[in-house]
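Data first, discussion second: the structure below is written as structure tokens.
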Amino acid sequence: VCEEETPACAKKIVTSLAGRVYRRPATRQEIDQLTGIVAMVKEQGDSFREGLCVAIQRMLISSNFLFRIEQDRKAAADAVAVSDYELASRLSYFLWSSTPDEELLRAASGQTLRRPGVLKAQVQRMLKDPKSSALVEDFGGQWLQFRGLESHEPERKKFQQYTEFTRMSMGKETELFLANLIREDRPITDLIDGKYTFLNQRLAEFYGIPGVQGAEFRKVDLTGANRQGVLTQASVLTMSSYANRTSPVLRGKWVLENILNSPPPAKPPDVPELDESAVGVSASLREQLEQHRANAVCASCHSRMDPLGFALENYDAIGRWRDKDGKFAIDSSGQLPDGRKFTGASGLAAILMADPDVFAKAMTEKMLIYALGRGLENYDRPVVNQVVSGVAKDQYRFSSLVLGIVNSVPFQDRRALSKGDRP
Amino acid sequence: MFVTRKHLERRTFLRGLGTAIALPMLDAMTPAFASPGKIPQGPVRTSFVYVPNGIVMDNWTPKTAGRAFEITRTLKPLEPFREQMLVISGLMDNNANALGDGGGDHARAAASFLTAAHPKKTGGSDIHAGISADQLIAQANGNETRLASLELGLDDSRVVGHCDSGYSCAYTNSISWRTASTPLPPEADPRLIFERMFGAVDTSLDAATRARRERYRKSLLDMAGDEAKKLSGTLDAGDRRKMDEYLDSIREIERRIEKAETDGRKIAPTIDKPAGIPAVFAEHAKLLFDLQFVAFQTDLTRVTSMVIGREGSVRTYDEIGVSDPHHPLSHHRNAPEALEKLTKINTFHVELFAQFIARLQATPDGDGTLLDRSMVLYGCGIADSNRHTHEKLPILVMGGANRSIETGRHLVLEKDTPVANLFLAMMSRSGARRDSFGDSTGILEI
């Protein structure tokens, strides 16, 4: 901004920095305090540079930096639009998990951000920006839970192929898959039935897919392979297993919670757990669970969960293909409570794709929670439906999901103060 | 799933129409000062150590009451400290029972254990339990020490969402609660704990420069505090609570700086700065216990809590030959093989704990040892893990709290004595005396 060690230059520097740090233009009082700090430090015998450092410290412990503050406003209606600067922050924390860049702040200062063409262009620009990797890591990592791989510890003795490098590669596969989906603006249904993925040699060997050499990840066509979508990626298969074995119940629950957003109710108290030592030895896991389901109370939930999990039983607790569990052959067939039958992961994917809006709705709900930073309430239902129908009309493209959310009332507005409230 | 943002880990986002507000992390600003001094004589140090998923009671509880109690298999690692040990049988954590709330015994056990309150069943942000015993002790002693308290744990407490039958993960992550709505997530990273204890001070600077920097810091904190106070007036109640927490943390740092200046003693780390979280469970546990030991030794704080494993933990213990995940295993259905494996886990945890006790006992403090000055509770809010029972809990206290506890015995209580009665007894010995706490019915005589 400027070089000379003068009060005027100090003012220029702190004004420009504070605008970025506070995500809005600094007020006159704020600027006065910051320039005052630079002067005070100099009086104490420290350098101009030290003065700027202390002023920056001041900004970084300010509640205006540490908190994203949105001003309450009075209005006749229930809701009122947030300011353009506040909207810029909402956008950048949604898509980048970070502060707005200069271009966004410029659009906010020119009050052009809300123009339909401008908003759409900004969203598309932001999704293409490398900073959108935050959306992959933070949203994807929590939704599809690959972030949890760091603290998930499969039994190493049993799964010697599960090394640190394998763990890292697993997470990377799902990250790259999502990043590609965002960058190429692919349909979100690829997450269910996309016949491609991203592999390095380690994972390819792990999956039994020939012709992938070296540590570099690359896009791999899955035609003819027994995998598709994220449900057959090792990260998801590992995270939805116990340390020592698979669990059709856990996996079924995982699909219900994350792919269908229809979590089963909590398990009743005093339910006996599986006899671990018998699994794969005296009875197959499937037989044991079928005994469990013979009880009508258990069946009410397990008839929803278990078939989804059984479809994935050909993948072991770290996601490798297998035909047998212990000495028992895998039976990956299942029947939903409504009578529909399917077999294996591809059968599961086909069932999920029979009505893609169900998955689109689940993903919309998950992403809306992330974008708003709050749980959804009943009154959010129309918003969700509106976003889903927009996504369906646009061939389920990823950007239409993001744009639907960005244009929704809860993202654009905040609750207005009513008459009785404090200013 | 509930979604938060990794890049803002330590910050919490509020619900409400798009209101997002974040909690600051200001710990890095804690200074460590240099000037010689001495630890005051005789302050009682208190620690609460929690283990998950119940204990095989047949192998824990001595058959004999009183001074002639025998050391059981699970307690074996503590045998060298038999005379400093008080085993208590018959305590109950009734608030961990369903009381009409259905499943979720693990979450309730963890959340009610130190709070003696019945946690509200919710997976959302409206979590509610009660202030915990350790935090009441911290309030009473916090002005005396540089840190009011330390909360440690071996699990990653960034886990969010539902953790047990519709209970928020906050309930299973934390046993310490600063207020009924503010759980204190235990810190797992030894390096971060170290920095909280000793600050991130630049020792290459001369004394005058350091003093100037401290002055700057203090005025910055003043300015930030004033600004936050003004802002707080324009916020609604929920957001104002967040802002109050921020103001509290500013005041806490101001207090630490002042304390460091006025208590006039040098607190030099007697431990090397750890690099991060050790991969091996036992080493991680040892390091966390070592940090607590150092905190007590230097009187940096007088109260700590430590979660050896979160309730419902599915950790496997290959190192002792138990490859089953702990929680499913804990539903043992009285199968001898399962009970044997669980006992191995129980004993392994006690072994790790015993190393901590050994260090306290080996350290002279005034006319006794540091263990004599301490009272360290070890236990769980679940007794039998198969049926999730919350009475006849496995609980013991190590150390005499300045010879005010009659140790070296097995105290067998009337059935269903609230565990809160024990906490009242402990509070009365750590300067936080009060007459009632949660569902207490009186102060336990120990």
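Order of the sequence lines sets the chain letters (A, B, ...), proteins ahead of strands, with each chain counted from 1.
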Practice task
Scan residues 36-46 of chain A for pairs that pass side chain to side chain donor-acceptor pair (under 3.5 Å), counting only residues two or more places apart or in two chains.
Solution key: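 Passing the test, one end in residues 36-46 of chain A: A:Gln44-B:Arg215, A:Asp46-B:Arg212, A:Asp46-B:Tyr216.
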Problem - Under 4.5 Å from a heavy atom of chain A, the part of B:Thr316 involved - result: side chain
Problem - chain A contact via B:Ser330 - which portion, at a heavy-atom distance below 4.5 Å - result: neither
Exercise for the section: Please indicate whether A:Lys253 has more than 12 foreign heavy atoms, meaning atoms of other residues, nucleotides or ligands, lying under 6.0 Å from its NZ. Expected result: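 Count not over threshold, so no.
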Exercise for the section: Tell me, yes or no, whether the heavy-atom count around A:Arg156 atom CZ, taken from other residues, nucleotides or ligands under 6.0 Å, exceeds 12. Expected result: yes
Problem - Side chain proximity check, A:Arg167 to A:Thr238, heavy atoms < 4.5 angstrom - result: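 Not in contact.
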Exercise for the section: May I ask you to name which of B:Ala98, B:Ala228, B:Gly104, B:Ser323 has the most heavy-atom pairs under 4.5 Å with chain A? Expected result: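 Greatest number of close heavy-atom pairs with chain A: B:Ser323.
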Exercise for the section: Scan side-chain atoms only and decide if A:Arg23 and A:Tyr93 contain a donor-acceptor pair under the 3.5 Å cut-off. Expected result: yes
Is it the backbone or the side chain of [X] that comes under 4.5 Å from a heavy atom of chain B, or both, or neither?
X	answer
A:Glu50	side chain
A:Gln33	side chain
A:Val82	neither

